[in-house]
Amino acid sequence: MAESDEVEMARQRLASLNPADEAYFLAFNIFANKLMARFALSKNPNDLDMTISETQQILNLAPAGHFFHAPALCIIGQAFTMRFKFRGDTSDLTQAVSYVEAAVAALTPEQSLYLPFVVNLASSLLNRYWMYGDVADLSRIIETSTTALSASLSTQSPYRDSLLNNLATALKERFAQQRDKADLDTALMHYQSCLDLRPPSHPSRHSVLGNLADAMLLKFEVDGHLQDLESAASHYVSALQLRSPGQDGYLLHLTSLGIVYQYLFNAEGNTERLEMAIGCYQTAMKHSRIPNLDHSRLLDNYGAALQSRYTPFGNIDDLDQAIQYLTTSSDILPSTYSGRPVTLLTLGIALVDRFTATSNIADLDSSIEKLSSALQLCAPGYYQRPVILSIYGRALSVRYNAKGDLQDLSLAASMCKDAMTLSSPKESTYSSTVASLTSTLLDCFYKSGNIEECQTIIDHCDRALASMRPGEPTVVSLQINRANAFLQRSRYESEKKDIDTCIAAFREIIPTIPEGHREHVRAHLQIGIALETRFKLTEDPKDIDESIAFLRVAHRKCKRGQSLYAPVCMQLGNVLRERFEYRYDDVDALDEAIVHLVEVEEILSSTPSQVDYGPSLVDLGVAFFMRFQAQRNKADLDAAIERVNLACTLPTLSERFSSTFDLASLLHKRYTQDKDLKDLVRCVKLFGVAEEQMPPKHLSRTTMLHNYACAVYDLGQYRNHLQDFNVAIGLFEKVIKDVPASHSYLPWMHLHLAVALHERAKRFGDVDGHHEAIKILRCLIETLPDDSPALHSVCHGAANIFMTLYELSNPQKPSLMEEGFQCYEKAARYTYGHSFMSVYVALRWVKCAKKLHHSSALLAYQTSFDVLDQHLLVTASIKSRHAVLLDKDLVAETSTLATDAMACAISRGELELAVEFSEQGRGLLWSQLSRSRTPLNALRSAGEAGRALASDFERVNAKLSQSIVPLEESLAATTGSLKATEAAARRYHQLSQELQDIAGRIRRQEGFQSFLRRLSFESLQCAAVGGPVILVNISNERCDAVIVLQDAPPRLVPLPNTSLGALTTLSAGYYHMLQTTSRVGEEKMREREVSVVLRTLWDTVVSPIVDELAPLIPRGSRIWWCPTSKLTTLPLHAAGPYRKGTLNLPNIYVSSYTPTLAALIRARRRPTSASTSSQHTPPAFIAIGQAKPASSTGPALQTVSTELALVQSLLPRSPPSDPSSFSVLDEEASTADAALAALATHGWAHIACHGYPNAERPFDAAFALKDERVTVLDIVRARGIGTGIRNADERETNTSDADASIPGEFAFLSACHTAVGDRNAPDEIIHLAATMQFVGYRSVIGTMWAVDDSMARHMVKAFYACLFASGGGKGKDKDKDGSAGQDDPWDCTRAARALNKAAKLVDKDLVSVDQRIVFIHIGA
């Protein structure tokens, strides 16, 4: 029969009775019980509401003393209890206890209803205890139940089993609070008695089975015996077999079984158990719909299981789901519920884990908030209080690392220590408490450096691990903390046995940690740190390599955003930097290190209070310093000091003495660069602080004292105080005595001691000091292997000392000089990691050889060219390379290196070598960029191996060419990311090195031994195929011209009547005159002054050369000028006597210029229009003009549009021109982007606009277009390194070794200053005209100074008229220069003759002499 029918029958029965009869009350009892039974099935709360209201009416009929008064009270109490469980309204619970208490109070123990009413009271009190956690409720249950059990009726009572069950549950709960083992033992006894009273057919047997299992779980927590867990699992399974889904108890037992499986997982580490637990919870969730306490318990444990699964597998979805469940549970639970602290604890743990995974600080703050609430809710004796304290402490410690608040660290330590005092080694939570404490103590140690903390950590871990089973989740954390304690102690006390113990421990730990486990990354990180630490002790390279391997695993498995990502990147960067430091040829290691460390800075700079932020700044600063040491880019040193200085100001910085030492070292290095006494004084003071604070056995102490000694030595040099030298020497001697003989820095220590002894002897007359210094140095040179990183520095230092002693000796000892030059030769050997010093030493060698007229001078120059070239290649940015040439430590030598080398070779009769030197030393930057344009057809013809090498070279070269790093000064300006800049620079270095390796393989092929090597004189002679090339060398040593001929030895023309000083004065005066005589009415004076300059050039430079050329070539021939130094700014092409009856140079020869011989050779190799288009199709011609650019503040150009129209009108018309071949960009259309795009698709170009030189930053020289300026770098980037423009109809052919990829032919630059280069490095020939030639234009017209646009149009008209005139005025040499036949009007090689002729034909009244000679021709 349905419950509804039974309720109605009971109602009808009740209605049929008289309320005054006893039977009425008995019928009501049946009716009320039927209502509550129907609710149990339907969950319709109306049944409970009706029960309560109807029974309250019955109480009016059954006052105190009435036989039904107590039962009515009990019925109401029972109904309130059920409604509380359903709705969670605590007022219902209060009512329930009140009514049942009144019912029990109305009876005596001897009355038959007393026992069932005590059972109901116990049930209500248990619910109230679980809600509020008041132990007094448990005591009341124990008191009343014990009384009831002692009653005479109890032994035969059908309620005895329930009394025993409730009493046992109260005892079990009191044990959980007060940990009195007697309570648990008694509870187990009562549960067993209850079970005995409930046979398998008993409807409530499942309940006592579940309670007994709960007690067994508690027993396991106390005793740690796995059989207790197995017993609990067995009891839960038995209970579930007695229930079906939807029945009371089913959900509870299923959840409890999942809890047991979780316990088994925690004890055994078997993930199958965890999956079984999750399976239980997933099934339970299907049947749990009501948001009550049972649902909350399910959510708690399901969330905890998912959080546990996250630990070994790292699936963030598990963690997110866990937090969602736990948050929902905490929302369900009343604020006073006794189990709420555990829910908040589990939620707090999950939030800390998610912070670790994502670095979202909000999760960490929320975790601490939850844990703080949990701690406030639990009483001092609460059983989970130790766990809450330890997790709370650990979360605070994690926040200290994230935010750097020392109060968090202090409170964390206090919390964890309190947790330890409350924990027993027998408790299952003991290991996690120890893990939290030891992690926090490690953080405290990092801050305090108290070495005793390490032993405390080791002892705690040993005690906990001794009682743990393999596989327990916290075993790994404890093992890692223990190993870390040994690691930290080894760093402070330099004990190798400690670091060996640490590494051995990690080697055992790591194989036990699966990928995805939350400790997997940390273990790899820590062993990487440990191996690096041992490397510092033993310098075994295997340790540093293995460290990098472990850290790379950690880096691969760690994602950006996770809390360990920054520490992993930081450590990987540090170890890579150390590998560079150990192996100076591994520059890629340093590049990669900086990329990682820059990324760390970018991550942590948003939260500068993070504990790792300070160390990350120091690490990046040290890496920048290492790069400065290699490349000597001052920006790197300044960046290093800026970062370390900032780190030293951070309150969270640990091991402040180490950062103080680093800052002192950097300031000392800057002092050696800038000689700023403030840096030296500050660094000595900081070294003193570091010496006082650094532990005596710290790993870095030896290096710190060595650097301190170097600073004191420099202070002695500045103050000339003997005491300073004595202190420095004493420190050097102490350091040398303390370090092992295998220490990698020992050679430098000996070197610096020798230098100090030598300097003290030189200043204060200690002869023995000289002898001791020489003895030390000779011993080092004899004993150091050739591949020692120290050999470079030792030989350099020794060379300087030997040279000084040679000069001081009386009589002089040539043997000392020879020994010095031998040392220079060794020291100048190129080392990738010491590229700057290689250059510096080579230049010192040059200086000494030049001064002493030593026979090694030519070798010194050649070595200087080689190492300077390599050093520039190490620097990725082309602007940075330019800055390197102007480095204050190098510029005095590099600015004249090529001219001085050529002068030296000329003095020694080596004219061919002189030409080679000039070529190697000039236009270095263009030369390096042009290597990507090497023809490969010959290589492709050299069999399968040649084709493969050509393909490899093209592949890497294409990638290198596409990189914008060689062009841009800084990517950070455009990307906003320093990491992107450093990563691109690293990629450039890698590609550059790969290209060099391929080039090396090519050179091993027969016939390609000189591939990409400096050109021999025989190769350079090709430049003279169209006429002589005249190298005019201007040096302080001597001035000469060397004429290069195609098929004859070079001719020397000494120029004794000029000098570098005279030409410098002439150039300055000439340009000053041009600037100061531009007003109306000053034309005659200007013309006279110009004539004086041209006459001076003729008399001192050009006339002797013309005399030498006269017998060699006929009048009207073409010649090419290749001037050097200040002569690059003067108009050699227009020189002449400028007297009546005499011929000026333009009347004798047709002059062109070339930046270098190689540039002219490349121009000749490029195809002409005849080879790229049919005779009837003119090449694409672009005319670009801009009269009033937005970037200009000067007057608008008045004739730009007229000039462009004039150009178009003068183009060849027979055969008729294709209108589509000529395009114009002017006015609004001539934007920078449009112009660059046009230059990429047109072989001929005419540009009329403002031109802006930049004598200090020549790569910023620019054309001013409508919206912005187009710089030298813009043009190179738009046309590409090693790429060029193509005519629309150009065919993809490779028929010769010509650079067929660059068909650009002619460019006329009708703008001011387009051939004005670098004031400080004129031999680099960096200007707009040279740029146009470099990017592919064979023939270029540029300007040497300002252009008057009103006169320029006349020159333009005369030039194009001559260029396209029939025959073009060509001489008999018409085909020697690689030009097309005479019938081709589009032959760009006619430009030089056309310009020469135009200057003669133009109306002299319309165009002044300076405007006739301002235009020069460059190229073929």
Side-chain angles (χ1 to χ4, degrees), residues 617-618 621-622 624-649 656-694 700-736 745 748-749 751-764 769 773 793 796-797 800-801 804 836-837 840 844 887-890 892:
L617 289 172
V618 174
V622 173
F624 278 142
F625 172 66
M626 286 293 129
R627 189 165 68 184
F628 166 77
Q629 290 282 73
Q631 300 177 10
R632 288 304 166 100
N633 184 342
K634 182 66 164 32
D636 279 337
L637 181 57
D638 290 339
I641 292 173
E642 176 188 354
R643 283 163 173 81
V644 178
N645 199 41
L646 174 59
C648 288
T649 67
R656 191 171 297 275
F657 53 80
S658 290
S659 302
T660 302
F661 151 50
D662 290 327
L663 180 58
S665 300
L666 295 173
L667 289 168
H668 176 234
K669 176 54 68 174
R670 190 165 70 183
Y671 166 75
T672 64
Q673 297 295 300
D674 299 341
K675 301 304 179 187
D676 186 340
L677 184 61
K678 290 184 293 185
D679 280 342
L680 182 59
V681 171
R682 186 183 176 202
C683 88
V684 170
K685 181 179 178 181
L686 290 173
F687 274 127
V689 173
E691 181 190 26
E692 184 179 321
Q693 294 178 351
M694 188 175 286
S700 300
R701 188 169 180 84
T702 298
T703 308
M704 183 272 295
L705 290 175
H706 170 257
N707 291 4
Y708 190 7
C710 291
V712 173
Y713 164 75
D714 279 340
L715 188 63
Q717 281 193 305
Y718 181 84
R719 301 195 303 194
N720 202 33
H721 284 184
L722 177 61
Q723 180 61 25
D724 290 333
F725 283 98
N726 292 339
V727 171
I729 289 169
L731 285 170
F732 283 132
E733 290 173 339
K734 174 179 174 15
V735 169
I736 290 169
Y745 270 33
W748 278 282
M749 296 171 184
L751 168 63
H752 294 146
L753 173 60
V755 170
L757 288 168
H758 163 70
E759 191 65 24
R760 184 176 70 177
K762 186 174 73 171
R763 289 172 182 254
F764 303 105
S793 298
H796 179 209
N800 291 339
I801 289 176
T804 302
F836 175 86
M837 287 309 297
Y840 184 75
R844 287 291 298 269
D887 184 282
K888 68 182 184 62
D889 291 325
L890 303 180

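This is a predicted model, so every value here is computed, not measured. We use all heavy atoms of the structure for the numbers below, so side chains are in, but hydrogens, waters and symmetry mates are not.
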Visitor: If you measure from CG on Asn707 to CG on Asp662, what distance do you get to the nearest 0.5 Å?
Guide: 9.0 Å
Visitor: Could you tell me whether the side chain of Arg656 and the main chain of Cys648 form a donor-acceptor pair under 3.5 Å?
Guide: yes
Visitor: Measuring from Leu666:CG to Asn645:CG, what's the distance to the nearest 0.5 Å?
Guide: 9.5 Å
Visitor: Kindly indicate, with the supporting measurements, whether the criterion side chain to side chain contact (heavy atoms under 4.5 Å, CB included) is fulfilled by Met837 and Gln629.
Guide: CA-CA 8 Å; Met837 287 309 297; Gln629 290 282 73; over 6 Å; no
Visitor: Using the six-membered ring wherever Trp is involved, compare the ring planes of Phe687 and Phe661 and label them parallel, tilted or perpendicular (cut-offs 30° and 60°).
Guide: tilted
Visitor: Taking C-beta and beyond as the side chain, do Glu642 and Phe624 meet within less than 4.5 Å on heavy atoms?
Guide: no
Visitor: For the residue pair Tyr745 and Thr703, what are the closest heavy atoms and their distance?
Guide: CE2-CG2, 4.1 Å
Visitor: Nearest 0.5 Å, what's the CZ-CG distance between Arg643 and Leu663?
Guide: 14.0 Å
Visitor: Please list all pairs meeting salt bridge (charged side-chain N to carboxylate O under 4.0 Å, His left out) that have one or both residues in residues 703-715, counting only residues at least two apart or in different chains.
Guide: none
Visitor: I want to check something: taking the side chain as every heavy atom from C-beta on, are Met749 and Thr702 in contact at a cut-off of under 4.5 Å?
Guide: yes
Visitor: If you look at every heavy atom in Asn800 and Thr804, which pair is closest and at what distance?
Guide: O-OG1, 2.8 Å
Visitor: Check whether any side-chain heavy atom of Val684 lies under 4.5 Å from a side-chain heavy atom of Tyr708, and answer yes or no.
Guide: yes
Visitor: State, to 0.1 Å, how close Val644 and Ser659 come at their nearest heavy-atom pair, and which atoms those are.
Guide: CG1-O, 3.7 Å
Visitor: Crowded around Lys734 NZ? As in, over 12 foreign heavy atoms under 6.0 Å?
Guide: no
Visitor: For Arg627 and Asn633, what are the C-alpha separation, side-chain angles and deciding distance, and is it a side-chain hydrogen bond (donor to acceptor under 3.5 Å, both in side chains)?
Guide: CA-CA 8 Å; Arg627 189 165 68 184; Asn633 184 342; over 6 Å; no
Visitor: Between Arg763 and Gln717 (side chain of the first, backbone of the second, donor and acceptor by atom type, cut-off under 3.5 Å), is there such a pair?
Guide: yes
Visitor: Which atoms form the tightest heavy-atom contact between Phe725 and Ala756, and what is the distance?
Guide: CD2-O, 4.3 Å
Visitor: First locate atom CG of Leu753, then atom SG of Cys710, and finally report the distance between them rounded to the nearest 0.5 Å.
Guide: 10.5 Å
Visitor: Please report the C-alpha distance between Met704 and Phe657 in whole Å, then the side-chain angles of each, then the deciding distance to 0.1 Å, and finally whether the side chain to side chain contact (heavy atoms under 4.5 Å, CB included) criterion is met.
Guide: CA-CA 10 Å; Met704 183 272 295; Phe657 53 80; over 6 Å; no
Visitor: Specify the closest pair of heavy atoms between Ala709 and Phe732, including all atoms of both residues, with the distance to one decimal.
Guide: CB-CE2, 3.5 Å
Visitor: Can you measure from SG (Cys683) to CG (Leu680) and round to the nearest 0.5 angstrom?
Guide: 5.0 Å
Visitor: According to the salt bridge (charged side-chain N to carboxylate O under 4.0 Å, His left out) rule, which pairs have a member within residues 718-733, sequence neighbours left out?
Guide: Arg719-Asp724
Visitor: Drop me the distance from Leu637's CG to Lys669's NZ, to the nearest 0.5 angstrom.
Guide: 8.5 Å
Visitor: Can you list the steps and then say if Asp638 with Arg670 is a side chain to side chain contact (heavy atoms under 4.5 Å, CB included)?
Guide: CA-CA 8 Å; Asp638 290 339; Arg670 190 165 70 183; 3.8 Å; yes
Visitor: Determine whether Leu751 and Ser793 satisfy the following criterion, side chain to side chain contact (heavy atoms under 4.5 Å, CB included), listing intermediate values before the conclusion.
Guide: CA-CA 8 Å; Leu751 168 63; Ser793 298; 4.0 Å; yes
Visitor: Can you find a heavy atom in the side chain of His752 that is under 4.5 Å from one in the side chain of Tyr713?
Guide: no
Visitor: Quick one: is the NZ or CZ of Lys762 closer than 6.0 Å to the six-membered ring centre of Phe764, and within 45° of its axis?
Guide: no
Visitor: Looking only at atom types and distance, does a side-chain atom of His668 sit under 3.5 Å from a main-chain N or O of Ala664, one as donor and one as acceptor?
Guide: no
